[in-house]
Amino acid sequence: MMAKLETKVVDHKGWIYERKLDGYRAIGYTGKDAKLISRNGIDFSAKYDKVIDELKLINQDAILDGELVIEDKKGQSRFQDIQHYEGDSANLILKYYVFDLLNLKEHDLRGLELVKRKKLLQTLIEPLNSKTIIYNTHMEGNGGDLFKKAQSLGWEGIIGKDEESTYHSGKRSDRWLKFKARNSQEAIICGYTAPSGSRKYFGALVLGIREGSNIRYIGNCGTGFNDIGLKELYEKLRPLEMDEKPFKEKAHQITKVTWLRPELVCEVWYAEWTADGHLRQAVFKGLRTDKDMENVIMETPEKQMADEETIAFGRTKLKVTHLNKIFWKQEGITKGELIRYYQHMADWIVPYLKDKPISMRRQPNGIEDAGFFQKDVDVEHLPAWIKTEPLHSESNDKDINYIIGKDAATLLYMVNLGCIEINPWLSSYKKPDNPEFVVIDLDPHDVPFTEAVEAALKTKEIFDRMHLDVFIKTSGSKGLHIYCYLGAKYDYDFVKMFAEYTANLIHQKLPDTTSVERSPAKRKNKIYIDFLQNRRGQTVACPYSVRPKPGATVSAPLHWHEVNDELQLSNYTIYNMPDRVKKIQDPWKNLTSKPGDLKKALGLIKGK
């Protein structure tokens with residue numbers, strides 16, 4: 001969980017205030033399997049083995065949240081000391097300040113109020129009498145006084161927290177606020193200039209930040225280095241050299257630049273942001289190996305408080321609004337965070353929307369709003385770059401103008417209308433009567449999810465016997481979706497017939513746990529094998545779509561080896577999906593490589 005930046009300290013009633021630490025944030029696991037993991041998943045255990053030894057002394061299994069810092073004899077810390085840590089010395093000592101408790105004895109405590117978590121943490125840590133693992137104390141109220149103390153002692157700043165706040169992993173919440181005694185900003189190192197005078201190695205770093213899927217230039221940083229630091233950093237920069245500039249705009253006052261792959265993140269001190277969005281008087285603070293480049297954005301209170309912004313997609317401009325509106329009240333997730341998720345995931349989602357009519361379910365007030373469905377759109381009031389297509393509706397006996405999936409701008413346009421989930425047809429507007437997929441929807445009702453897993457594996461077994469490749473994803477709601485690519489060879493009537501036949505085969509194999517009955521009353525405590533999605537105009541939540549469910553779960557494509565008794569839908573959310581797609585091979589990479597031959601498949605299964 002992360003804190004939002006604020007400028008003015010306000011003594012909120014019911015808030016506590018802590019020292020803001022200047023080091024590496026790390027999650028600590030206690031007991032014999034002790035480990036330390038950074039915010040971006042780096043294992044710190046080997047480097048900070050002194051802390052690991054102390055964590056092993058805690059005989060209760062727990063998960064701690066805290067910060068690794070290096071302090072001198074006066075208790076002062078500098079970020080560059082933790083960055084260059086080689087082991088304790090006479091003057092510099094490693095400490096792990098812990099300030100939150102996320103799990104104790106396999107009980108998830110994140111839904112507990114902060115003050116209760118801190119009391120449990122204090123009870124766990126203080127009996128150690130450790131000089132390495134230290135409970136980070138707080139004061140109730142009086143944030144203004146603590147901030148003055150922070151300024152006088154040269155602290156990084158202070159953190160204010162709502163004492164009743166629950167813990168939301170990976171989320172930046174306004175129930176945790178940070179107040180910096182000195183301005184700092186994370187930045188992506190995009191290049192370096194040539195040295196001049198007596199300076200060796202390089203002159204200044206060329207810096208950028210993320211804006212959507214692009215990187216924007218924010219200025220240079222040429223001070224804050226010593227000779228040793230210059231050499232060490234230069235050795236890290238050299239392997240990243242490339243010919244292409246990593247951002248589009250001109251980097252003013254830059255000559256003779258060596259451009260770099262935008263992978264390294266640093267942190268700099270600065271005086272202020274200029275009107276054109278550049279850092280004034282940037283001073284190098286240190287490398288941030290514990291943070292991902294994708295999360296490096298402009299961090300100012302004004303930026304975070306803005307309720308609308310304009311996103312550029314080349315020449316296409318989209319204004320998104322009401323970004324601070326809470327869409328998930330329990331989790332505190334805003335519409336802006338939903339939009340940022342879809343913005344980050346657009347490259348993964350758009351291929352599944354291409355040329356598909358979209359049935360929009362709009363929930364402009366968040367997941368507790370039942371919302372409304374919209375298929376027919378008013379073409380005259382749409383931006384010119386939105387593609388629509390009239391398709392005949394038998395139920396309405398008229399043509400309906402559907403939005404057609406086309407690109408990231410279209411996706412974000414729909415999300416801005418309040419579409420939490422994205423629901424495309426199974427067929428394209430070009431061949432609306434011929435689905436590209438047959439889908440088996442496994443919908444469990446009041447049964448253990450392991451039974452849905454069993455049904456999915458049985459479904460794959462049956463498709464394997466028919467020599468048909470199938471791909472699986474979580475629904476993001478309750479069940480599992482299994483897809484087989486057809487290449488639009490068959491009409492909906494035939495595909496629905498095939499799906500119904502297959503559903504009955506599955507049910508015959510698992511009669512005690514599955515049902516093909518449409519009536520909910522007749523399929524209590526069963527997994528409904530829904531084949532009726534395979535009809536013209538029906539929709540299925542697209543891969544990587546968010547669902548309006550607690551925890552902001554996502555419809556996640558899976559590898560078949562992940563479909564086992566450990567599978568939980570809650571493990572796939574807007575918090576971790578962007579990282580997942582970067583770290584694993586695409587489970588659906590070969591989805592459309594070989595269209596299935598349903599007629600041959602029926603012959604094979606009936607022959608057996």
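For reference, positions follow the sequence shown, starting with 1.
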- Message: Please verify the inter-ring angle class for Tyr217 with Phe247; under 30° counts as parallel, over 60° as perpendicular, anything in between as tilted.
- Response: tilted
- Task: Just jot down the salt bridge (charged side-chain N to carboxylate O under 4.0 Å, His left out) partners of Glu244, sequence neighbours excluded, or say none.
- Result: none
- Residues passing the salt bridge (charged side-chain N to carboxylate O under 4.0 Å, His left out) test with Arg182, sequence neighbours excluded, are none
- Task: Answer yes or no for Lys335 and Phe327: cation-pi contact, defined as NZ/CZ to six-membered ring centre under 6.0 Å and angle to ring axis within 45°.
- Result: no
- Message: Tell me which pairs pass salt bridge (charged side-chain N to carboxylate O under 4.0 Å, His left out) where either residue lies in residues 189-201, with sequence neighbours left out.
- Response: none
- Message: Closer than 4.0 angstrom, basic N to acidic O: yes or no for Asp355 and Lys430?
- Response: yes
- Task: Inspect the surroundings of NZ in Lys8 and state if more than 12 heavy atoms from other residues, nucleotides or ligands are less than 6.0 Å away.
- Result: no
- Query: What pairs meet the salt bridge (charged side-chain N to carboxylate O under 4.0 Å, His left out) rule with one or both residues in residues 340-349, with sequence neighbours excluded?
  - Reply: none
- Query: Are side-chain N/O atoms of Glu267 and Ser184 paired as donor and acceptor at under 3.5 Å?
  - Reply: yes
- Establish, yes or no, whether a centroid distance under 6.0 Å links the rings of Phe79 and Tyr24. yes
- Task: Would you mind listing every salt bridge (charged side-chain N to carboxylate O under 4.0 Å, His left out) that reaches into residues 311-328, with sequence neighbours excluded?
- Result: Glu308-Lys319
- Can a salt bridge be assigned to the pair Arg25 and Asp65 using a cut-off of 4.0 Å between side-chain N and carboxylate O? yes
- Message: Under 3.5 Å, is there a donor on one side chain and an acceptor on the other for Glu71 and Tyr97?
- Response: yes
- Only one of Lys236, Glu232, Lys231, Arg238 forms a side-chain hydrogen bond (donor to acceptor under 3.5 Å, both in side chains) with Tyr234, so which one is it? Arg238
- Item | Geometric cation-pi criterion, Lys161 with Trp176: 6.0 Å, 45° | yes
- Query: Do the charged groups of Arg580 and Glu562 touch, with an N to O distance under 4.0 Å?
  - Reply: yes
- What residues, two or more places apart in sequence or in another chain, satisfy salt bridge (charged side-chain N to carboxylate O under 4.0 Å, His left out) together with Lys473? none
- Note on the structure: Test salt bridge (charged side-chain N to carboxylate O under 4.0 Å, His left out), reference Asp22, set Lys285, Arg288, Arg78, output is Lys285
- Parallel, tilted or perpendicular: which describes the rings of Trp588 and Tyr483, with under 30° parallel and over 60° perpendicular? tilted
- Message: Checking side-chain polar atoms at under 3.5 Å, does Glu241 have a donor or acceptor matched by the opposite partner on Tyr192?
- Response: yes
